[in-house]
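One structure below.
Residue numbers start at 1 and run along the sequence shown. In what follows, every heavy atom counts, from backbone to side chain, and hydrogens, waters and symmetry copies are set aside.
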Amino acid sequence: MTRKGTHTNTPAALPSEQELLKASPEEYMNPAQLAFFRQRLLAMRKELLANADATSAQLKKVEAVADVSDRATLEEEYTLELRTRDRERKLLHKIDAALKRIEDGSYGYCEDTGEPIGIPRLLARPTATLSIEAQERRERRERTYGD
């Protein structure tokens, strides 16, 4: 299977989601589509890094709270914030991997089958590496055998 396009031929105007959904199968992962997803992934990455910076700044402004209940509430808020940032850190790794797949021409294709993942799935989850069918098979296998 030949992978089409790289982001080096980036068009001036990115297609809209509606245009992506209307594209023919022959247009799958053409330079305009790759540029769209590259831009979306970069925007996600920028937002996650901004969130991490904001959390870091907030944690540096640690307030001395005398009341035990207030302190416990504050610590719980920090714990939830750090848990969220940890999930976002993992997502950053997935975003970086997706950007590398755009560079090497494998973005948009299932890592198990090599078949197209599909525009609707990539719009919903730009870091997807499996088609819906392959993801469902993997989840069934995990439920059956544990993993």
**OP:** Could you give me the CA-CA distance, side-chain angles and deciding distance for L80 and R83, then say whether side chain to side chain contact (heavy atoms under 4.5 Å, CB included) is met?
**Re:** CA-CA 5 Å; L80 289 172; R83 195 173 300 147; 3.8 Å; yes
Original post:
Between Y28 and I117, is there a donor-acceptor pair closer than 3.5 Å when you use the side chain of the first and the backbone of the second?
Top reply: yes
Residue pair [X] / [Y]: nearest heavy atoms and the distance that separates them:
{"X": "P126", "Y": "A98", "answer": "O-CB, 4.2 Å"}
{"X": "S106", "Y": "D104", "answer": "OG-OD1, 2.6 Å"}
{"X": "L41", "Y": "I95", "answer": "O-CG2, 3.6 Å"}
{"X": "P116", "Y": "S131", "answer": "O-CB, 4.3 Å"}
{"X": "A32", "Y": "N30", "answer": "N-OD1, 3.0 Å"}

Original post:
Which pairs with one or both residues in residues 32-57 pass ring-ring contact (aromatic ring centres under 6.0 Å, His included), sequence neighbours excluded?
Top reply: F37-Y107
If you define the side chain from C-beta out and look only at heavy atoms, does anything of [X] sit under 4.5 Å from [Y]?
{"X": "L130", "Y": "R125", "answer": "no"}
{"X": "E133", "Y": "E115", "answer": "no"}
{"X": "R101", "Y": "T129", "answer": "yes"}

By side chain to side chain donor-acceptor pair (under 3.5 Å), which residues pair with [X], not counting sequence neighbours?
{"X": "R89", "result": "D86"}
{"X": "R45", "result": "D96"}
{"X": "R138", "result": "D112"}
{"X": "Q135", "result": "E139"}

If I take atom [atom1] from residue [X] and atom [atom2] from residue [Y], how far apart are they, to the nearest 0.5 angstrom?
{"X": "M44", "Y": "L99", "atom1": "CE", "atom2": "CG", "result": "9.5 Å"}
{"X": "E88", "Y": "L48", "atom1": "CD", "atom2": "CG", "result": "5.0 Å"}
{"X": "R137", "Y": "R140", "atom1": "CZ", "atom2": "CZ", "result": "7.5 Å"}

**OP:** Any chance you could lay out the side chain to side chain contact (heavy atoms under 4.5 Å, CB included) test for K46 and L42, step after step, and finish with the verdict?
**Re:** CA-CA 6 Å; K46 182 179 179 180; L42 288 172; over 6 Å; no
Show every donor-acceptor pair shorter than 3.5 Å between a side-chain atom in residues 17-25 and any protein atom, with sequence neighbours excluded, or say none if there are none.
residue : atom : partner : partner atom : Å
E17     : OE2  : R40     : NH1          : 3.2
E17     : OE2  : R40     : NH2          : 2.6
E19     : OE1  : S16     : N            : 2.7
S24     : OG   : E26     : OE1          : 3.2
S24     : OG   : E27     : OE2          : 3.2

**OP:** Would you please test M29 and I119 for side chain to side chain contact (heavy atoms under 4.5 Å, CB included) and show each step?
**Re:** CA-CA 9 Å; M29 290 302 115; I119 297 294; 3.7 Å; yes
Original post:
Taking 4.0 angstrom as the limit, do R85 and E81 come out as a salt bridge?
Top reply: yes
Original post:
Could you go step by step and tell me if L49 and L92 meet the side chain to side chain contact (heavy atoms under 4.5 Å, CB included) rule?
Top reply: CA-CA 8 Å; L49 291 173; L92 270 173; 3.7 Å; yes
